[in-house]
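In what follows, a single structure is set out as structure tokens and then discussed.
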2 protein chains.
Amino acid sequence: MLIFLNIAKALSDENRVRALMMLSRGELCVCQLIEMLGLAPSTVSKHMSILRQARLVRARKEGRWMYYSLPDEDAPRCVLEAVQWVQNAIAKDKQIVADGKQVKRVSKLDRDKLCACYKKG
Amino acid sequence: MLIFLNIAKALSDENRVRALMMLSRGELCVCQLIEMLGLAPSTVSKHMSILRQARLVRARKEGRWMYYSLPDEDAPRCVLEAVQWVQNAIAKDKQIVADGKQVKRVSKLDRDKLCACYKKG
DNA sequence: CCTATACTTCGTCATATAACGAAGTATACA
DNA sequence: TGTATACTTCGTTATATGACGAAGTATAGG
């Protein structure tokens, strides 16, 4: 029950659902998510840790960068079905479609320019 | 997105998930849910209205009694998939199994005795 | 080493949510 | 036409959550 509730709670925040769907095309690092969500780094980090604890994302550290991605096929069925459900339910949502375009844009950016998100504040 | 978030939020509370699963064997009236959940009538009523707004349950009024049931096949796909997901995820949960037994017990009770839940407080 | 970078953790604040009891509404029955 | 019943709505309170900035940690590069 706790596992299930953690997943449901993780999915009950718009920014977390957006972040999750942004990973549909492949892994992203935190600074890319910060740029697209327009939230403070600490906020995004917290959101990702909630998604991670629910097993809805995997994390991989490479040097200074932390990459997040969707779960693989080995993940619990409960998790995979949740991801499926989200994708079916909101793939056509206005915000999610716009975010898909953002992912393409941000993926092309130079990382130096991208991580300017830290310098803004 | 809002529709999806309403469903996710509705599913992120243990008592609401329990109530939802209690309806698996068929419709129940509010006083039966009050008895099984062990919560105040106003609390259960609020929970059911949240589930209802998310379209996760249907409501039918018959005389003084309000009956709640799971959605039928005409419900939005998003809703049906959510219900499926919950059922697959927690059907074997200890609490949910125990609740299943409670449903059988309560269904056999005389309504006069049952609605004593109002007289307790 | 020392500094910059890329996060994460912590502390704080404002808002959201779950619980309750009291009061309100709608229906059956005397 | 009261009165009891079966909820629902409202107001309050305690706790949970999401946002931020400041401080902490880990890694790369000079």
Side-chain angles (χ1 to χ4, degrees), chain A residues 2 5-20 27-54 57 59-68 106 109-121, chain B residues 2 5-20 27-54 57 59-68 106 109-121:
Chain A
L2 269 181
L5 287 175
N6 276 339
I7 297 173
K9 282 179 188 173
L11 294 177
S12 62
D13 175 86
E14 173 163 10
N15 289 320
R16 280 195 294 269
V17 173
R18 287 180 63 198
L20 190 70
E27 66 179 13
L28 294 171
C29 77
V30 179
C31 61
Q32 292 174 308
L33 293 166
I34 289 166
E35 165 75 12
M36 292 187 280
L37 291 170
L39 295 171
S42 61
T43 306
V44 173
S45 181
K46 181 75 165 119
H47 279 318
M48 297 316 290
S49 92
I50 289 169
L51 285 169
R52 193 181 178 183
Q53 216 190 330
V57 301
R60 176 176 77 84
K61 189 163 190 177
E62 184 182 318
R64 280 176 285 182
W65 295 283
M66 188 65 128
Y67 290 95
Y68 286 99
V106 165
L109 285 181
D110 182 13
R111 211 186 306 264
D112 287 344
K113 286 176 186 168
L114 180 66
C115 290
C117 56
Y118 282 99
K119 292 158 199 160
K120 281 173 196 164
Chain B
L2 268 181
L5 287 175
N6 277 338
I7 296 174
K9 282 181 188 172
L11 293 177
S12 62
D13 176 86
E14 173 163 9
N15 288 319
R16 280 196 294 268
V17 172
R18 287 180 63 200
L20 191 69
E27 66 179 12
L28 294 170
C29 78
V30 179
C31 61
Q32 292 174 309
L33 293 166
I34 290 166
E35 166 75 13
M36 293 186 280
L37 291 171
L39 295 170
S42 60
T43 305
V44 173
S45 182
K46 180 79 165 116
H47 280 317
M48 297 316 291
S49 91
I50 289 169
L51 285 170
R52 192 181 178 182
Q53 216 190 327
V57 301
R60 176 176 76 84
K61 188 162 191 179
E62 183 182 319
R64 279 177 286 183
W65 294 282
M66 189 66 130
Y67 290 97
Y68 287 99
V106 165
L109 285 180
D110 182 14
R111 212 188 302 264
D112 287 345
K113 287 175 187 169
L114 181 66
C115 290
C117 56
Y118 282 100
K119 292 157 200 159
K120 281 172 193 163

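Keep in mind that the numbers below use all heavy atoms, side chains included, and drop hydrogens, waters and symmetry copies. Letters A, B, ... mirror the listed sequences (proteins, then strands); counts begin at 1.
One atom, CG of B/Leu37, and another, P of C/dA18, lie 14 Å apart when rounded to the nearest Å. As a whole-Å value, the separation of A/Glu14 CD from C/dT15 P is 18 Å. As a whole-Å value, the separation of B/Leu39 CG from C/dA18 P is 12 Å. A straight line from CG of A/Leu5 to P of D/dT17 spans 11 Å, rounded to a whole angstrom. One can place CE of A/Met66 at 16 Å from C1' of D/dA28, the figure rounded to the nearest angstrom. The distance between atom CG of A/Leu33 and atom C1' of C/dA6, rounded to the nearest whole Å, is 13 Å. Rounded to a whole Å, the CD1 atom of A/Ile34 is 8 Å from the P atom of C/dT8.
With sequence neighbours left out, A/Arg60 forms a side chain to side chain contact (heavy atoms under 4.5 Å, CB included) with A/Glu27, A/Glu62, A/Tyr67.
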Show every donor-acceptor pair shorter than 3.5 Å between a side-chain atom in residues 5-20 of chain A and any protein atom, with sequence neighbours excluded, or say none if there are none.
unit_1  : atom_1 : unit_2  : atom_2 : d
A/Ser12 : OG     : A/Lys9  : O      : 2.8
A/Asp13 : OD2    : A/Asn15 : N      : 3.0
A/Asp13 : OD2    : A/Arg16 : N      : 3.1
A/Arg16 : NE     : A/Ala10 : O      : 2.8
A/Arg16 : NH1    : A/His47 : ND1    : 3.2
A/Arg16 : NH2    : A/Lys9  : O      : 3.1
A/Arg18 : NE     : A/Asp99 : OD2    : 2.7
A/Arg18 : NH2    : A/Asp99 : OD1    : 2.9

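Taking all atoms of both residues into account, the shortest heavy-atom contact from A/Val57 to A/Met48 is CG2-O, 4.1 Å.
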*Any chance you could list the contact pattern along nucleotides 23-30 of chain C? Use B for base contacts, S for sugar-phosphate-only contacts and - for none, protein heavy atoms under 4.0 Å, 5' to 3'.*
---SBS--
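The terminal axes of the helix from C/dC1-D/dG30 to C/dA30-D/dT1, fitted over 5 pairs per end, subtend an angle of 20° to the nearest 10°.
In the set D/dC7, D/dC20, D/dT9, D/dC20 carries the atom at the smallest distance from any side-chain atom of A/Ser42. Comparing C/dA19, C/dT17, D/dT17 against the side chain of A/Lys9 picks out D/dT17 as the nearest. Checked against D/dT9, C/dT17, D/dT8, the side chain of B/Pro41 finds its nearest nucleotide in D/dT8. The side chain of B/Tyr68 sits closest to D/dT8 out of D/dT8, D/dC20, C/dC7. Side chain of B/Asn15, nearest nucleotide from C/dT8, C/dA19, D/dT8: C/dA19.
Within a heavy-atom distance below 4.0 Å of DNA chain D, the residues of residues 43-53 of chain B found are B/Ser45.
Here the side chain of B/Gln53 pairs no donor or acceptor atom with the backbone of B/Ile50 at under 3.5 angstrom.
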